[in-house]
Participant: 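Take a look at this one; I'll ask things after.
Positions are given from 1 along the sequence. This is a predicted model, so every value here is computed, not measured.
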Amino acid sequence: MTKPQKTRLTRGESQALTRTRLLDSAARAFALHGFAGASLEEIAESAGYSRGALYANFDGKDELLLTLVERSMQSQAAEAMELTSQPLSPADAFVRLRKSFATFGNSDREACLVIAEAQLYAIRNSRFRERLAALFRAQHQQIVALVTRFFEQLPQRARISPRQAAFIAVASLQGLTLRNLADPETFSDQMVEDALGWIFGALTRDTEGE
């Protein structure tokens with residue numbers, strides 16, 4: 001019996017795989033040791049590559065961190081786009097979006113820690129801050145567009161603007177998730193999910209006729 005031959009990766013596919021493995025390794029290292037405490041040697045070795053291979057794909061730790069933040073934002077945007085593009089009634093869309101918003105922190109804590117590390121580093125590094133701010137502004141515009149689309153489907157006008165809703169939602173998500181990670185015994189997963197669900201509901205309460 002002839003064994004099936006393994007498909008050889010193209011150069012582009014191989015490079016994409018290398019970048020993904022390095023980014024996954026960097027995310028784990030930054031979440032575990034912090035941005036300052038993680039070393040490039042550790043990141044490369046954990047991914048199965050040399051430090052030279054890392055530098056062939058990224059300029060250094062700053063670019064790794066920025067790329068991770070951008071990857072997380074793209075993942076969140078894709079999930080939100082999928083939800084808002086479905087042919088749902090306003091009531092069903094509200095339930096789906098609220099559940100997605102309330103459970104994101106629990107499902108992607110590593111990403112929350114990486115984003116927190118990026119913000120702390122940006123506060124102390126003006127050059128990095130400018131690059132991170134550009135990513136945050138782009139993400140904010142995406143979220144505003146999605147919230148606007150959602151508000152337009154609801155029967156009554158919301159009490160808050162899409163820009164304000166987007167800012168409050170993201171800030172609440174990050175803050176509550178970090179508090180949970182720092183003290184999970186006091187601030188349980190369920191407390192965070194309930195609080196985020198309440199915040200989401202409060203932002204659109206007028207649209208529900210409450």
Side-chain angles (χ1 to χ4, degrees), residues 15-16 18-47 49 51 53-81 100-147 163-184 187 189 192-193 195-196 199:
Q15 184 177 28
T18 298
R19 286 177 62 88
T20 297
R21 287 175 175 171
L22 287 168
L23 286 170
D24 290 345
S25 178
R28 289 192 298 270
F30 293 156
L32 183 62
H33 303 300
F35 179 70
S39 70
L40 292 176
E41 290 81 2
E42 174 194 6
I43 292 169
E45 183 179 348
S46 178
Y49 300 102
R51 181 165 174 164
L54 188 151
Y55 275 113
N57 288 274
F58 300 97
D59 288 340
K61 285 174 71 175
D62 284 20
E63 188 182 353
L64 277 169
L65 185 56
L66 282 169
T67 305
L68 283 171
V69 171
E70 186 173 18
R71 185 174 73 165
S72 176
M73 290 178 176
Q74 289 173 347
S75 176
Q76 295 173 38
E79 181 179 350
M81 283 290 291
S100 176
F101 172 71
T103 58
F104 172 77
N106 287 341
S107 64
D108 205 350
R109 299 183 180 194
E110 192 174 85
C112 289
L113 286 172
V114 168
I115 291 174
E117 286 292 327
Q119 291 180 96
L120 288 172
Y121 182 54
I123 291 171
R124 303 180 180 95
N125 186 309
S126 60
R127 187 173 180 180
F128 183 86
R129 182 167 63 244
E130 293 174 2
R131 299 175 67 186
L132 183 65
L135 290 179
F136 280 167
R137 283 192 292 268
Q139 181 202 39
H140 182 67
Q141 292 304 320
Q142 285 183 319
I143 297 174
V144 168
L146 292 172
V147 172
R163 290 183 62 83
Q164 291 172 316
F167 172 64
I168 293 171
V170 172
S172 300
L173 172 62
Q174 293 177 348
L176 288 168
T177 300
L178 290 175
R179 182 59 62 91
N180 165 256
L181 291 172
D183 187 3
F187 306 103
D189 294 353
V192 173
E193 184 172 335
L196 289 170
I199 290 168

Participant: Is it true that D24 and R19 make a salt bridge, defined as a side-chain N closer than 4.0 Å to a carboxylate O?
Facilitator: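 No.
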Participant: Counting neighbours of CZ on R163 that are heavy atoms of other residues, nucleotides or ligands and sit closer than 6.0 Å, is the number greater than 12?
Facilitator: no
Participant: With no hydrogens and no angle check, is any side-chain donor or acceptor of S75 less than 3.5 Å from a backbone partner on R71?
Facilitator: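 Not a single qualifying donor-acceptor pair exists.
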Participant: Within the supplied structure, the quantity of interest is the number of heavy atoms (other residues, nucleotides, ligands) at a distance under 6.0 Å from E41 CD; does it exceed 12?
Facilitator: yes
Participant: Can you confirm whether F167 is buried at CZ, in the sense that more than 12 heavy atoms of other residues, nucleotides or ligands lie under 6.0 Å from that atom?
Facilitator: no
Participant: Is a donor from one side chain sitting under 3.5 angstrom from an acceptor on the other, for Y49 and N57?
Facilitator: no
Participant: So does F35 get a backbone contact from the side chain of K61, meaning a donor-acceptor N/O pair under 3.5 Å?
Facilitator: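 Here the side-chain-to-backbone pair exists.
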Participant: Any side-chain heavy-atom pair from Y121 and L132 closer than 4.5 angstrom?
Facilitator: no
Participant: Between E63 (side chain only) and D59 (backbone N and O only), is there a donor and an acceptor less than 3.5 Å apart?
Facilitator: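 Confirmed, E63 side chain pairs with D59 backbone.
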Participant: Please step through side-chain contact (heavy atoms from CB on, under 4.5 Å) for the pair V114 and S72, ending with a clear verdict.
Facilitator: CA-CA 9 Å; V114 168; S72 176; over 6 Å; no
Participant: Answer whether the closest heavy-atom distance between the side chains of E42 and H33 falls below 4.5 Å.
Facilitator: yes
Participant: Less than 4.5 Å apart, any side-chain heavy atom of I115 and any of F30?
Facilitator: no
Participant: Side-chain contact, heavy-atom cut-off 4.5 Å: I199 with L176?
Facilitator: yes
Participant: Under a 4.5 Å cut-off applied to non-hydrogen side-chain atoms, are F58 and L23 in contact?
Facilitator: yes
Participant: Report, as yes or no, whether the 6.0 Å neighbourhood of atom CZ on R179 holds more than 12 heavy atoms from other residues, nucleotides or ligands.
Facilitator: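 No, the 6.0 Å shell around CZ holds no more than 12 heavy atoms from other groups.
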Participant: Determine, step by step, whether L113 and L32 satisfy the side-chain contact (heavy atoms from CB on, under 4.5 Å) criterion, reporting the C-alpha distance in whole Å, the side-chain angles of both residues, the deciding distance to 0.1 Å, and the verdict.
Facilitator: CA-CA 9 Å; L113 286 172; L32 183 62; over 6 Å; no
Participant: Side chains of F136 and V170: closer than 4.5 Å at any heavy-atom pair?
Facilitator: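 A side-chain contact is absent here, since even the closest heavy-atom pair is not under 4.5 Å.
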Participant: Less than 4.5 Å apart, any side-chain heavy atom of Q174 and any of Q119?
Facilitator: yes
Participant: Would you check if the side chain of S25 reaches a backbone N or O of R21 as a donor-acceptor pair within less than 3.5 Å?
Facilitator: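 No.
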Participant: If we ignore hydrogens and angles and just use 3.5 Å, is the side chain of N180 paired with the main-chain N or O of V192 as donor and acceptor?
Facilitator: no
